Protein chains: 2
Amino acid sequence: MSDVGARRRTGRSKGDEREALILDAVRALLAEKTMAAVTIDDITQAAGISRTSFYFYFPSKHAVLARLMEELGDSFAQTHDWLGTDGQSRDSLREQLVGAESIWRDNRPIMACSLQGYGETYEPLVEFVDRIQQRFITGLAAKIERDRAAGLAPAGIDATTLAGLVEAVREARLAQLAEMPEAEVADGLDELAEAILRLIYGRF
Amino acid sequence: MSDVGARRRTGRSKGDEREALILDAVRALLAEKTMAAVTIDDITQAAGISRTSFYFYFPSKHAVLARLMEELGDSFAQTHDWLGTDGQSRDSLREQLVGAESIWRDNRPIMACSLQGYGETYEPLVEFVDRIQQRFITGLAAKIERDRAAGLAPAGIDATTLAGLVEAVREARLAQLAEMPEAEVADGLDELAEAILRLIYGRF
DNA sequence: ACAAAAATCGACAGTGTGTCGATTAACGCC
DNA sequence: GGCGTTAATCGACACACTGTCGATTTTTGT
């Protein structure tokens with residue numbers, strides 16, 4: 001269940017348990033406050049450990065957030081199947097959006113941190129978020145070029161740029177939807193799908 | 001040249017001058033550091049005043065930023081003429097974007113603060129940014145509905161929602177463009193205009 | 001059982017914020 | 001041109017949060 005870092009040589013338990021405790025504490029705190037407002041003392045108090053113990057496990061608050069996000073990065077990677085399709089594939093797109101929205105909804109506070117620009121000071125975090133976005137953007141750019149070559153999509157905007165624009169609406173809207181009552185989500189996703197298709201395939 | 005707040009009864013000069021000094025200092029500092037990294041001591045030092053003097057003029061760093069932004073709010077309001085047109089009016093849209101981009105470029109650090117989500121803790125600032133966005137969104141929503149009634153634009157997405165999506169791409173892209181060399185801007189704005197038109201008028 | 005490494009602790013030093021009471025400078029008026 | 005009132009400035013303080021140290025206690029492998 002361990003064998004994670006090179007820090008502990010054998011499969012210890014006490015430490016990993018504490019680590020999980022900290023992660024949980026932060027998750028819980030994030031439900032009430034914004035990350036910037038959460039203090040180390042809040043965390044240690046919630047986790048029932050002492051200040052110094054925290055620093056034994058993580059070098060800073062940012063590092064905790066990074067860990068929290070890493071777990072999510074994998075989830076998102078699994079919702080990219082639409083990128084593999086050809087043409088509009090509206091249903092596949094919708095499915096992809098449904099998946100992404102539910103990740104957003106389930107991890108609202110954590111996701112919010114990234115676009116609140118928290119951790120602008122902490123390079124690793126910025127890079128990490130960037131990498132996830134880039135993965136989506138390059139994937140989408142490839143799909144767009146494929147579709148254009150097949151005559152399914154109009155030219156007119158550089159494929160990578162366009163993919164970036166799509167990513168921007170997608171993210172902005174998912175963030176909003178995750179804040180809204182679940183009943184309105186279905187419509188919201190339909191609209192978002194329509195918007196994305198217009199961006200890529202729209203003519204006028 | 002004064003008569004601003006109710007704080008000073010007569011048209012003093014020393015105070016206003018100092019206030020301007022602080023504003024300038026922050027503007028200058030913002031060119032190097034991010035707002036979160038700028039400290040009050042940085043400001044007072046750059047402005048050549050003492051810590052307490054700063055607090056005489058502004059209650060906090062946020063307040064300075066708010067002031068800086070207010071000045072910009074007016075500028076933006078003047079670039080909304082496209083919203084009054086009917087139909088695509090690509091040229092007018094482009095013009096509007098050119099104007100907005102140049103404001104962005106000239107005030108990059110300040111604008112960046114708002115979308116870095118700095119001041120998430122400071123309600124007035126959040127509200128202010130919101131209000132500016134809302135002005136654009138409601139204006140655009142009205143235009144969209146007008147165009148739809150005239151049969152110039154397809155239905156399918158709630159007008160206000162769509163306006164919000166447009167605002168999202170617009171802002172995201174303007175932010176990026178302001179970071180790029182000026183030579184690439186022209187193309188970038190063409191692409192952005194195309195994307196916006198696709199969102200509003202696109203069919204497929 | 002016993003050394004080595006993991007984990008915990010209390011106390012400290014640094015940095016940044018915002019506030020207080022007191023002091024100095026500027027104006028308005030007679 | 002002095003004199004009260006208000007603007008402006010100052011140094012020092014109290015507070016909150018971060019991150020680090022050296023010392024101490026647990027845990028664990030053999």
Side-chain angles (χ1 to χ4, degrees), chain A residues 1-23 25-26 29-30 32-66 118-125, chain B residues 1-23 25-26 29-30 32-66 118-125:
Chain A
M1 204 75 71
S2 53
D3 190 27
V4 202
R7 209 179 67 228
R8 280 184 299 285
R9 31 171 216 194
T10 68
R12 287 297 173 73
S13 56
K14 193 75 174 300
D16 293 343
E17 177 200 311
R18 282 271 196 274
E19 227 166 272
L21 223 55
I22 293 177
L23 259 6
V26 173
L29 285 168
L30 238 28
E32 309 164 11
K33 313 177 176 191
T34 159
M35 191 63 186
V38 170
T39 144
I40 307 260
D41 282 332
D42 287 339
I43 301 173
T44 57
Q45 214 168 313
I49 60 174
S50 130
R51 175 166 200 75
T52 327
S53 292
F54 171 87
Y55 283 104
F56 180 79
Y57 295 105
F58 295 94
S60 72
K61 249 194 312 181
H62 303 270
V64 180
L65 189 56
Y118 176 82
E120 206 62 29
T121 28
Y122 188 59
E123 267 306 313
L125 248 180
Chain B
M1 206 74 72
S2 53
D3 190 27
V4 202
R7 210 179 65 230
R8 279 185 300 284
R9 30 168 217 195
T10 67
R12 287 297 173 73
S13 57
K14 193 77 176 298
D16 293 343
E17 176 200 312
R18 282 270 196 273
E19 226 165 273
L21 223 54
I22 293 177
L23 258 8
V26 173
L29 285 168
L30 239 28
E32 309 165 12
K33 312 178 177 191
T34 159
M35 191 63 186
V38 170
T39 144
I40 307 258
D41 282 332
D42 287 340
I43 301 173
T44 57
Q45 213 168 314
I49 60 174
S50 131
R51 175 165 199 75
T52 325
S53 292
F54 171 87
Y55 283 104
F56 180 79
Y57 295 105
F58 296 96
S60 73
K61 249 195 311 179
H62 304 270
V64 180
L65 190 55
Y118 176 81
E120 206 63 31
T121 28
Y122 188 59
E123 267 307 313
L125 247 180

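On a predicted model such as this, the values are computed, not experimentally measured, just so you know. Throughout, protein chains are lettered first and strands after them, A, B, ... in sequence-line order, and every chain is numbered starting at 1.
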**OP:** Return each pair, listed once, that meets side-chain hydrogen bond (donor to acceptor under 3.5 Å, both in side chains) where at least one residue sits in residues 35-52 of chain B; pairs must be two or more places apart or across chains.
**Re:** Lys33(B)-Asp42(B), Asp41(B)-Arg51(B)
Subject >> Atom-pair distance (OH on Tyr57(A); P on dC9(C)), nearest Å >> reply: 10 Å
Original post:
For nucleotides 16-23 of chain C, read 5' to 3', which letter fits each nucleotide if B means a protein heavy atom sits under 4.0 Å from the base, S means only the sugar-phosphate is that close, and - means neither?
Top reply: SBBBB---
Subject >> Separation of dA16(D) P from Lys33(A) NZ (nearest whole Å) >> reply: 13 Å
**OP:** Quickly work out the Ile49(B) CD1 to dT9(D) P distance and round it to whole Å.
**Re:** 7 Å
**OP:** Take atom CD1 of Ile43(A) and atom P of dC17(D), then tell me their distance rounded to the nearest Å.
**Re:** 12 Å
**OP:** Working to the nearest 0.5 Å, report the span between CD1 of Ile49(A) and CD1 of Ile22(A).
**Re:** 4.0 Å
Original post:
CZ of Phe58(B) versus P of dA8(D): gap in Å, rounded?
Top reply: 12 Å
Original post:
Side chains of Val26(B) and Val38(B): closer than 4.5 Å at any heavy-atom pair?
Top reply: no
Original post:
Rounded to the nearest 0.5 Å, how far does OH of Tyr57(A) lie from CG of Leu21(A)?
Top reply: 9.5 Å
Subject >> Rounded distance (Å) that lies between atom C1' of dT8(C) and atom CD1 of Ile22(A) >> reply: 12 Å
Original post:
Among Ile40(A), Ile43(A), Leu23(A), which residue meets the side-chain contact (heavy atoms from CB on, under 4.5 Å) test with Phe58(A)?
Top reply: Leu23(A)
Subject >> Any residue meeting side-chain contact (heavy atoms from CB on, under 4.5 Å) with Ala36(B), in chain and number order, not counting sequence neighbours >> reply: Thr34(B), Tyr118(B)
Original post:
Whole Å only: how far is the CD atom of Gln45(A) from the P atom of dC17(D)?
Top reply: 11 Å
**OP:** Round to the nearest Å and state the distance from Asp42(A) atom CG to dA16(D) atom P.
**Re:** 13 Å
